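Encoded as C-alpha cells, the structure appears first; notes follow it.
Side chains are part of it too, since the values below use all heavy atoms of this structure and drop only hydrogens, waters and symmetry mates. In the text below, chain A, chain B and the rest are named by the order of the sequence lines, each starting its count at 1. Given the structure is predicted, the values throughout are model-derived calculations rather than measurements.
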Amino acid sequence: MFELLKTSASSAARRGKLTTAHGAVQTPVFMPVGTQATVKSLTPAQVEETGAQIMLSNTYHLNIRPGADLIESFGGLHGFMKWEKPILTDSGGFQVFSLSKLRKIKEDGIYFSSHLDGSKLFLSPESCMEIQMKLGSDICMVLDECIPYPSKKDFVETSTDRTIRWAKRCLEHADKIGLPERNRLSFAIVQGSNFEDVRARCAQELSALNFPGYAIGGVSVGEPEEEMLLQVAASAPHLPQDKPRYVMGVGTPVQLLKMIALGADMFDCVMPTRLARHANAFTKDGVLNLRNAKFAADKAPLDESLLNYTTNFSRAYLRHLVMSDEMLGCTLLSIHNIHFFQDLMAQARSHIESGDFETWSTAWISRYNSKEA
RNA sequence: GGUGGGGUAUCCAAGUGGCUAAAGGGCGCGGACUGUAAAUCCGUUCGGGUAACCGUUCGCCGGUUCGAAACCGGCCCCCACCA
C-alpha cells in the first residue's frame, strides 16, 4: 500500500511511503539494479550501507539462469541472494527492446531465444507473473512491450493496446495465483512512445484497472532528454494520485530531480553501477572520469561532503585501481555512486517535507551543470 | 669459437623492392554509457600544420637501385643449440 505523506505546493513533487512484504520504502526512491540477483561488484551489506531501501532484479535473466524453480527452492530471491529488503522484479519487457533480435511478439506473449544458448523461452503475461511469484518479488511488473524510439504512430498504438491487454491479463492472473494475499504488489506500465495522446490514453485505461502501482516505461530508449521529460509529463497526471509512480530505467541525477517535480516517486537505473565499472564517479559538480590523467596525483576524495567507505580513498588511488583493472575499483566506485544517488533522494525527500524542494532542486541542478570538479 | 634464429614506432608484433609513416594487439590519451547480452564499446596514438602537405623513422655505417624497413657488404647486440 502507498501513503502520500506530503505534496509540494509549487510542483507535482510528492513525499510518500510504500509498504511491501519486506518493509517500507520512503519515496522518492532510487532503486539500484541487480539484474542477475546481484548489484554488480557489491555485497548485499554494501548495497544496504549506501542507503538503498529496495533493489531491482530481472525475470527474463533469472528465469534463464539459474531458473525460477531453483530460486524458489531457496526461499525466493531474498533467501537466495541474502537481501532482506524489498525487491522489485522487471518483467522482461525491457528485453523486448534490448534483445530485440532474439524475440518474437505474438498476442499470447513473447517468444525469446536465450541470448546464452538459443534455447526457447516463452514469456506470457501469466507465466511472467508466476515466475515473479516464485522469485518472491515484492513488486511484480506486468509484461509489457518496450518499443524503440522513434516508432511510427500506428505501430505505437497497436503495441500499446497489446501492452494494456497484457496488463489486464497480468492483474487477473496475479489475483488467481494469490499475489495480493501475500502482499505482493503488481505494477502496470504506461507505454506510448513519444505520443502524448497515446500516453494519456494508456495511463487512463490502466488506471481504471486499479493496480497497486504504476510505472512509466518506454523512456530512455534513445530519445532526447526533452522528449523523455515530455512523455513523463504526459503520463504522470493521468495516473491515480494515491498510487506510486515509477519511471523505469532512469536516469541522470538531473533527470531524477526533474521527474520528481513531475510527480514521479520511484526510479531505477544501471547508470550508477555501470558508470562506476567504467571509471566514472558522480559528484555535486558533475561526473568525474577517473581515467583522466589529471587525477593521477589528486589527493582529494571523490566528494568531500559525501561520507561513505569510499571517501577514505584518494582520487589518485581510485584512478590507480581503475587503470590497473583491479576489481576493488568497481566496488569502491559503485559504493560511491549508489550512495550519491541515495543521498540525492534523501535530500529530495527532506526538501519536499520542508516545502522548498523546487528552489533547492534548481540550485542543485545549476551547480551540477555549471562546474567541473 | 661453430651452427641456426633474431634486432620494426612507448611495449609485443606483421611486413622481404614502389600501393608503407609502416597491419594487428597492448600501454597511454580522450569520449560514450539511462527497466544491464556492458569490469563494455568507440576514437586516437612519430614530430609540425585546420588541411593539402612538410620533416624524421624500421640496430649502426656504407653500397646497389629511378625508388629500400625489405637486396648486398662490414660492424654491434640478443636468443637457442653445439664445442
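- In this structure, A/Asn292 reaches the sugar-phosphate backbone alone: every heavy-atom distance under 4.0 Å involves primed, P, OP1 or OP2 atoms, never a base.
- Contact annotation for A/Ser41: no contact, since no heavy-atom pair falls under 4.0 Å across all strands.
- Within the 4.0 angstrom heavy-atom criterion, only backbone atoms of the sugar-phosphate kind lie near A/Arg319; the bases stay farther away.
- Counting any heavy atom pair closer than 4.0 Å across all strands shown, A/Gln255 reaches a base atom.
- Listed by chain and residue number, nothing satisfies the side-chain contact (heavy atoms from CB on, under 4.5 Å) test with A/Asp325 (two or more places apart in sequence, or in another chain).
- Nucleotides B/rC54 and B/rA39 are separated by 46 Å at their P atoms, to the nearest Å.
- Partners of A/Phe195 according to the ring-ring contact (aromatic ring centres under 6.0 Å, His included) rule, which considers only residues two or more places apart in sequence or in another chain, do not exist here.
- Taking atom C1' in both B/rA21 and B/rC46, the straight-line distance is 8 Å, to the nearest Å.
- Across all strands shown, A/Asp90 has heavy atoms under 4.0 Å from base atoms, whether or not it also approaches the sugar-phosphate.
- Between B/rG15 and B/rG2, the two P atoms lie 30 Å apart (nearest whole Å).
- Using a 4.0 Å heavy-atom distance criterion, A/Met323 is classed as a sugar-phosphate-only contact.
- Comparing B/rG55 with B/rA37, their C1' atoms are spaced 49 Å from each other, to the whole Å.
- No engagement by A/Gly34 is indicated, since no non-hydrogen atom pair under 4.0 Å with the nucleic acid exists.
- In this structure, a donor-acceptor pair under 3.5 Å is absent between the side chains of A/Tyr60 and A/Asp90.
- With no hydrogens or angles considered, a side-chain donor-acceptor pair links A/Ser10 and A/Glu358 at under 3.5 Å.
- Taking the P atoms as reference points, B/rA23 lies 28 Å from B/rA32, given to the whole Å.
- Between A/Glu353 and A/Lys6 there is no salt bridge, since no side-chain nitrogen of the basic residue lies less than 4.0 Å from a carboxylate oxygen of the acidic one.
- Running 5' to 3' along RNA chain B, contacts with non-hydrogen atoms of chain A at under 4.0 Å begin and end at B/rG28 to B/rU40.
- As judged by a 4.0 angstrom heavy-atom cut-off over every strand, A/Leu102 is placed among the base-contacting residues.
- One C1' atom belongs to B/rG62, the other to B/rC76, and the distance between them is 15 Å to the nearest Å.
- Within the model, atoms CG of A/Leu206 and CG of A/Asp144 stand 10.0 Å from one another, a figure rounded to the nearest 0.5 Å.
- Using modelled atom types and a 3.5 Å distance limit, the side chains of A/Gln191 and A/Thr160 yield no donor-acceptor pair.
- Residue A/Glu223 is classed as having no contact, given no heavy-atom separation below 4.0 Å to the nucleic acid.
- Taking atom C1' on both nucleotides, B/rA52 is separated from B/rC66 by 25 Å, rounded to a whole Å.
- Nucleotides B/rG49 and B/rG73, compared at atom P, are 43 Å apart to the nearest Å.
- Backbone-only contact: A/Asn58 has heavy atoms under 4.0 Å from sugar-phosphate atoms and none from a base.
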